[in-house]
Every structure is written in C-alpha cells, then in structure tokens.
Student: 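Dropping a structure here in structure tokens format, bear with me for questions.
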Amino acid sequence: MSVIEALQNNGFQTIDYLVFVAYIIILVSLGVFLSRGKKGEEKSSTDYFLAGNTLTWWAVGASLIAANISAEQFIGMSGSAFNSGIAMAAYELMAAATLLVVGKFLLPLMIEKKVFTIPQFLRDRYNDGVGLSFSIFWLFLYVFINLTSVAWLGALAIKQILGLPAVMGSMMGMSVDFTLLTIILILFLVAGLYSIYGGLASVAWTDVMQVTFLVGGGLITAYAALDVIGSELHIDGGAFGAFSEIYSHLGSIAGDKHFNLVVTRNPEIAEITKDPYFDIPGIVVIVGALWLTNLGYWGFNQYIIQKGLAAKSLAEAKKGMIFAAFLKILIPFIVCIPGVCAFYIMNGEYNGVSVLEQLPNLAGSIDRSDDAYPYLIRNFTPVFVKGLSFAALAAAVISSLASMFNSTSTIFTMDIYKHYLDKGASEAKLVTVGRITSICALILALVAVYPIMGGADQAFQVIQEYSGFVYPGIVVIFGLGLLWKRASGAAAVVAAIGTFAFSIIFKFALPEVPFLLRMGYVFICLVVLFFGMSFMSNKTKPADELDEHSVKTQLKYAYVCLAVAVVCFLLGIYSFTSQEMMNLGFEAVFFLGAMMLSIFIYLRSNALDKVEDVKSIGVDINIFKTDATFNIGAVGVIVILVILYAVLW
C-alpha cells in the first residue's frame with residue numbers, strides 16, 4: 001500500500017486533515033507573530049531565553065503543562081494504564097501537589113537570586129566544575145534522550161493513527177523506516193520554525209493555544225471512545241453509561257487493579273516483575289520516592305522551571321504554579337482513561353460475549369501497550385473530532401520539542417558559550433548563538449533518534465526508571481544548595497557521582513525491588529554522605545546573624561519535622577510485622593522519614609550554626625510567604641486530590 005492509499009483509507013476525512021493543517025499554520029504564524037520585538041530594537045538574551053520576563057500567570061501555567069505533556073504522556077502513560085491501570089495517574093496527581101511545593105519554596109528563591117539557568121545556579125552556589133558538569137549532563141539528556149524519545153513516540157503514534165506503511169531502507173548500516181524518519185523530521189521542523197526564531201516568547205505564548213488543544217482534544221478523545229463503546233454495545237447512558245460498565249466489569253474481576261489509584265502487591269503473582277505493583281508500588285506513590293522524580297522534574301529541570309523564571313513577577317509565577325496544578329489534575333482523564341478503555345476493548349466481556357467481537361471493522365491492533373492511544377483515535381473518534389484528537393497529540397509533541405530546543409540553546413549559550421568561550425559577547429551575538437545551538441540540537445537528535453530509541457513495550461516506565469538514576473542526586477544537590485547554608489561543593493560532587501553509582505548497585509543487587517523504592521534507598525545514602533561531608537568541610541565563613549523571629553520559626557518547623565520523622569521510622573519498623581502493610585509498600589515511610597529528618601537537620605543548622613559555606617546564598621524565610629490567592633488555590637488542589645484518592649483508593 002502506498003502512502004497516498006493509506007491516507008485515503010485510514011478513516012480520516014478531508015475535514016480531519018483540514019483541521020490538522022489549519023492548526024499547524026496557525027501555530028507557526030502565531031509563534032512568529034508573537035515573537036516580534038519592537039521595530040528597530042534588537043532582541044536581548046533575556047528577551048530570547050526568558051521572554052523578557054513578561055509571562056502572566058496563565059501563560060506560565062499553560063506553558064508548564066504544554067511543555068510537560070508530550071507523547072511520553074499521551075502514548076507512554078496511556079500504554080502503562082492499558083497494562084497496569086489508572087494507578088499511573090499518581091504521577092500526574094502527585095505532580096499537582098509537587099507544583100505547590102515548588103511554587104511556595106523553590107521558585108521564589110530562584111527568582112530572588114536571579115537564576116537564569118539551573119547549571120548557572122550550581123556554578124554560583126558550588127563551583128565551576130559542578131556547574132559545567134551539569135551543563136554537559138543536561139545537554140546530553142535533552143538532545144539524546146528527551147528530544148529523541150518525544151519525537152520517536154510521537155512519530156510512532158502518528159504513523160499508526162494514519163495507518164502509514166513502512167518504507168524500509170538502509171542508512172549508516174542500519175535498517176531504517178523512512179516513513180518514521182520523515183515524520184520525525186516534520187515534527188522537528190514545525191517545532192523549530194517558531195521556537196528557534198522567536199525563543200521562549202514564541203514557545204510560551206503559543207503554548208496557551210497548544211494546551212487548549214491538548215487538554216480539550218484529549219478529553220474529547222476519551223469521551224468519544226466511551227460514547228462509541230456505549231453505542232455499539234447498546235449500553236444505556238452513552239459515554240457515562242459505558243464508563244460505568246467498564247468500571248463495574250473490571251472491578252468484578254478478582255485481582256484486577258485497573259481502577260485502583262493504589263496498587264497492592266498480589267501474592268498470587270509469583271514473579272513480582274509481572275505484578276502491576278512492581279511499576280506502581282502501593283503508597284510509595286504518595287509518601288515515597290515519586291517525590292524525588294517530581295521535585296527533580298518540576299523544580300530543577302531547565303525546560304520546565306524556565307517558564308516560571310520568565311514570569312513578570314514572583315506573584316504571577318506563584319499563581320502560574322497553582323493554575324498548572326489544576327490543569328495537571330485533568331491529565332489522568334486525558335491519558336489514563338483511554339488506556340483503560342483500550343484494555344476493556346481487548347480483554348473485556350459484555351453480556352457474556354467478548355467486547356472485541358461486538359465492535360466490528362476495527363483497524364489495526366494493540367500489539368504492545370503503547371499502541372493503545374493511537375488505536376483509540378483511529379477507531380473510536382468521529383469525523384472532525386478525529387482531526388482535533390490528532391491535532392492534540394501533535395500539540396503535545398511539538399510543544400515539548402519546542403521547549404527542549406529553547407532550553408538546550410539557553411544552557412549552551414549562557415552556561416558554556418558566554419561563560420567559557422566569549423565572556424564579552426553582545427546581546428545580539430548571544431541570540432544568534434542560541435539559534436545556531438537549537439539548529440545543531442535538531443540535527444543531532446535527528447541523526448541519533450534511530451540508534452538510541454528502541455521498541456520498549458512501556459516507554460513511560462522505561463523513561464521513569466532511568467530518570468530515577470539521576471533525580472535523587474539532583475534533589476539533594478539542588479534542594480540543599482538552595483535551602484541549606486552549609487551545603488558544600490565537595491559534597492555536591494560526591495552526590496553527583498553517588499546518584500549513578502548507588503542507582504546501578506541497587507538495580508543489580510535488588511532486581512525485584514520496585515525502582516521507586518530503590519530511588520528512596522539511593523536518596524537515604526546520598527543525604528548521609530552530603531550532610532556528613534558538608535559538616536566536615538573547612539571551607540566556611542562566619543554566618544550572618546538571624547533575627548529572633550527567623551530562628552524561632554525555623555526551630556519550630558525543624559522539631560515538627562523531627563517528630564514526623566520519628567513516627568515514620570516507627571511505622572516503618574512496625575510494617576515488617578504486618579503482611580498487609582508490606583503488600584501496601586509501607587516501607588516507603590522510611591523515605592518520608594529520611595526526608596523529614598533531612599529538613600530537620602538543615603532547618604536547625606540554618607537557625608543555630610555560626611558558620612556557613614563560603615558560597616552560601618542566604619535564605620530570608622519571609623520570601624516563602626504566600627498570598628490569599630495562592631493559599632486558596634493550594635487548598636483547592638489538596639481537597640481534590642484527597643477526594644480522588646478516597647474514591648479510587
């Protein structure tokens with residue numbers, strides 16, 4: 001079958017293609033238009049890399065979510081939901097809680113200290129070696145992991161949705177599907193067209209449109225799939241009736257966890273690696289090392305936090321975080337419910353007959369978990385809605401690629417080029433170097449995508465596990481560097497090496513322990529090393545004297561954290577006597593206890609120690625105060641999360 005024949009026989013109508021083409025044209029045109037500076041004025045590095053610090057709260061929030069949601073979520077997380085159920089939503093729901101922490105404690109400090117890039121902060125806080133090491137690390141991560149994985153997953157989905165045939169050939173000694181490679185090239189070019197020209201302003205303001213498409217299109221896709229299932233199976237109540245039937249049917253199957261937000265260990269599955277618990281282990285997703293992934297990603301990831309740093313004010317940045325948290329709560333309904341629907345279609349029964357047999361003329365199949373979302377779009381969305389759903393998927397991929405291009409150019413230009421190669425570079429030259437860097441990143445990712453990306457069954461889980469090698473060290477190094485006055489450069493270097501070393505050791509030594517638990521063990525090892533080395537450091541200076549209020553406040557919260565830590569450790573010890581608690585992953589409370597103990601140590605140290613690291617940045621606790629808008633929004637997010645967990649535990 002030729003490409004033209006595939007496009008004519010894949011269920012898409014002319015209107016669907018017109019919707020998608022219109023979206024691309026509007027996106028690129030809007031990106032170029034919004035990035036124009038005032039006539040006769042050159043774009044500065046702040047304009048290009050931080051949107052001139054003009055982003056409003058709704059632009060910050062929308063851009064955060066648009067940069068975050070990509071094929072990794074639409075395809076990878078939906079695939080994991082097909083395999084393991086809505087417990088995968090914990091990544092999204094706990095991310096909403098994490099955004100509150102970032103907005104209250106981390107982002108205010110970064111904005112106050114005028115952080116331009118995350119590696120720049122490390123260089124200023126520790127030393128040039130730590131800053132340069134992380135600059136190189138982030139560049140490799142963005143180009144060879146993030147850009148390639150997002151483009152690869154997006155291209156696979158687009159190819160399957162459109163039913164395009166593989167056009168096989170050979171390149172660099174490898175067998176290559178040129179259909180897939182062409183789609184990847186188109187995705188890179190569309191994202192590059194406006195992001196490389198306009199910088200962060202283009203990326204952020206177009207993300208407002210993008211997030212409308214991806215949230216709206218995603219919700220419509222989930223609703224349409226449920227509506228078709230309800231119609232074809234003659235279930236009363238349409239989409240809502242179909243959802244109720246799926247919920248009831250899967251809930252009636254012994255051992256099925258597809259509608260459980262908390263997955264317990266199933267003793268009947270002898271091999272733990274085949275138990276959904278292995279991917280989403282019980283309460284670990286609430287009180288365990290998932291917090292490391294979320295804090296590392298939302299707090300210290302350049303292409304994410306850059307949106308907050310570009311806000312027009314701290315107040316706008318904080319409100320943007322609240323807005324993003326509410327949007328984040330919607331994501332499970334966009335990506336996890338379709339995955340569960342696909343599982344029901346392939347494995348469920350209705351009135352004693354296989355659901356698949358009652359849904360005739362379905363195109364394609366679900367050969368691996370990550371095929372679930374494309375399969376739904378192709379078969380279960382009506383005309384026009386199919387175009388919207390397709391545009392939503394493209395929006396997710398393109399917005400993430402655009403953010404990554406911009407952050408890659410920011411790190412190379414500001415942390416390497418300006419600092420080491422041309423300290424006197426003009427603003428115009430920095431912008432030019434940033435654009436050239438983005439083009440180079442595009443070319444490198446295009447060349448590397450085929451050799452690097454393979455056929456993992458659940459790409460989302462693979463990405464999460466190997467990101468977990470890095471995040472314990474990142475949270476310790478960045479978090480304590482921001483908040484603790486005695487954090488030392490030597491400790492940061494050891495933690496950077498240790499996060500990889502301990503992760504590899506634990507992976508091979510404890511292969512049947514879920515990676516989210518292993519991350520917690522790595523974190524505990526790192527904080528012991530980090531605190532020990534920092535307290536032993538002789539590179540100190542007399543600490544600034546604090547006022548009585550600051551001392552008392554820090555000590556009060558320090559001892560609250562100590563009390564929580566003690567309770568966590570006692571619960572953890574007791575859990576070993578209860579099989580039910582063990583099946584819930586209750587050992588995760590040791591991680592929570594270690595985190596609370598770490599907060600106790602640094603708060604008490606900040607309050608009482610008379611010396612500080614020579615490069616300490618100082619912390620004024622008044623900066624953590626929040627206004628009524630933030631507080632009301634935060635309470636709203638927490639209430640929604642509590643209700644969801646209570647209903648779907």
Side-chain angles (χ1 to χ4, degrees), residues 34 46-47 49-69 92-116 118 121 200-216 294-295 297-331 334 399-400 403 406-407 479 482-483 619-644:
L34 291 174
T46 301
D47 293 331
F49 298 116
L50 288 181
N53 291 113
T54 59
L55 300 189
T56 58
W57 64 267
W58 45 273
V60 170
S63 192
L64 277 168
I65 298 304
N68 164 244
I69 303 175
E92 307 304 301
L93 299 178
M94 297 314 295
T98 305
L99 282 163
L100 304 182
V101 175
V102 173
K104 182 171 179 64
F105 296 109
L106 301 180
L107 189 59
L109 275 175
M110 293 183 185
I111 291 177
E112 184 200 36
K113 303 302 178 184
K114 295 182 168 42
V115 173
F116 210 113
I118 295 300
F121 162 73
L200 186 61
S202 287
V203 174
W205 291 111
T206 53
D207 278 349
V208 176
M209 183 186 87
Q210 304 257 59
V211 84
T212 303
F213 264 89
L214 62 90
V215 172
N294 282 333
L295 286 170
Y297 181 86
W298 292 100
F300 307 120
N301 187 336
Q302 181 68 32
Y303 86 85
I304 293 296
I305 201 64
Q306 192 165 342
K307 311 304 190 303
L309 300 177
K312 65 194 301 183
S313 68
L314 177 56
E316 291 290 298
K318 288 181 177 180
K319 285 188 283 187
M321 292 290 163
I322 291 291
F323 180 44
F326 278 109
L327 290 175
K328 201 68 179 145
I329 294 174
L330 288 173
I331 305 306
I334 296 172
S399 60
S400 293
S403 289
N406 183 259
S407 292
L482 265 175
L483 298 168
V619 176
D620 178 2
I621 64 171
N622 291 317
I623 199 172
F624 300 136
K625 291 180 179 178
T626 49
D627 60 19
T629 302
F630 184 95
N631 295 336
I632 293 170
V635 169
V637 169
I638 293 169
V639 168
I640 293 172
L641 293 178
V642 169
I643 292 172
L644 287 173

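These numbers were taken from a predicted model, which means no experiment stands behind them. Values below: all heavy atoms of this structure, side chains included; hydrogens, waters and symmetry mates excluded.
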Student: Run the numbers on Asn68 and Trp298 for side-chain contact (heavy atoms from CB on, under 4.5 Å), then give the verdict.
Tutor: CA-CA 9 Å; Asn68 164 244; Trp298 292 100; 3.5 Å; yes

Student: Taking only residues at least two apart or on different chains, which pairs with a member in residues 102-115 satisfy salt bridge (Lys or Arg N to Asp or Glu O under 4.0 Å)?
Tutor: none

Student: Kindly compute the distance separating CD1 (Ile111) from CG (Leu309), expressed to the nearest 0.5 Å.
Tutor: 6.0 Å

Student: What residues form a ring pair (Phe, Tyr, Trp, His ring centres under 6.0 Å) with Phe624, not counting sequence neighbours?
Tutor: Phe105

Student: Starting at CG of Leu99, measure out to CG of Asn294 and round the result to the nearest 0.5 Å.
Tutor: 8.0 Å

Student: Suppose we screen for side-chain contact (heavy atoms from CB on, under 4.5 Å). Which residues come up paired with Val642, at least two apart in sequence or across chains?
Tutor: Ile638

Student: By side-chain contact (heavy atoms from CB on, under 4.5 Å), which residues pair with Thr54, not counting sequence neighbours?
Tutor: Ala51, Trp205

Student: Counting distance only, does the side-chain N/O of Ser403 pair as donor-acceptor with the main-chain N or O of Ser400 below 3.5 Å?
Tutor: no

Student: Would you say the side chain of Met321 lies within less than 4.5 Å of the side chain of Leu107, judging by non-hydrogen atoms?
Tutor: yes

Student: Which atom pair, heavy atoms only, marks the closest approach of Thr206 to Val203?
Tutor: OG1-O, 3.1 Å

Student: Assess the residue pair Thr98 and Tyr297 against the criterion (side-chain contact (heavy atoms from CB on, under 4.5 Å)); give the C-alpha distance rounded to whole Å, side-chain angles, the decisive distance to 0.1 Å, and a yes or no.
Tutor: CA-CA 10 Å; Thr98 305; Tyr297 181 86; over 6 Å; no

Student: Atom NZ in Lys318, atom OG1 in Thr626: separation rounded to 0.5 Å?
Tutor: 6.0 Å

Student: How long is the span from the CD1 atom in Ile304 to the CD1 atom in Ile118, to the nearest 0.5 Å?
Tutor: 11.5 Å

Student: Between Ile331 and Lys328, is a side-chain contact (heavy atoms from CB on, under 4.5 Å) present by the stated rule, with each step listed?
Tutor: CA-CA 5 Å; Ile331 305 306; Lys328 201 68 179 145; 4.2 Å; yes

Student: Mind listing the closest non-hydrogen atom pair of Leu200 and Asn406 along with its distance?
Tutor: N-ND2, 3.1 Å

Student: Output the distance between atom CG (Leu106) and atom CD1 (Ile305), rounded to the nearest 0.5 Å.
Tutor: 7.5 Å

Student: In a table with atom names and distances, give each donor-acceptor pair under 3.5 Å that connects a side chain of residues 56-67 to protein atoms at least two apart or in another chain.
Tutor:
| residue | atom | partner | partner atom | Å |
| --- | --- | --- | --- | --- |
| Thr56 | OG1 | Trp58 | NE1 | 3.2 |
| Ser63 | OG | Asp207 | OD2 | 2.8 |

Student: Residues in side-chain contact (heavy atoms from CB on, under 4.5 Å) with Ser407, at least two apart?
Tutor: Tyr142, Gln302, Tyr303, Gln306

Student: Provide the closest heavy-atom pair for Val637 versus Ala325 in the form atom of the first, atom of the second, distance.
Tutor: CG2-CB, 3.9 Å

Student: Nearest 0.5 Å, what's the CG-CD1 distance between Leu93 and Ile329?
Tutor: 7.0 Å

Student: With a 4.5 Å cut-off on side-chain heavy atoms, are Met110 and Phe300 touching?
Tutor: yes

Student: Has Asp620 got a side-chain atom pairing as donor or acceptor with Ile623's backbone, closer than 3.5 angstrom?
Tutor: no

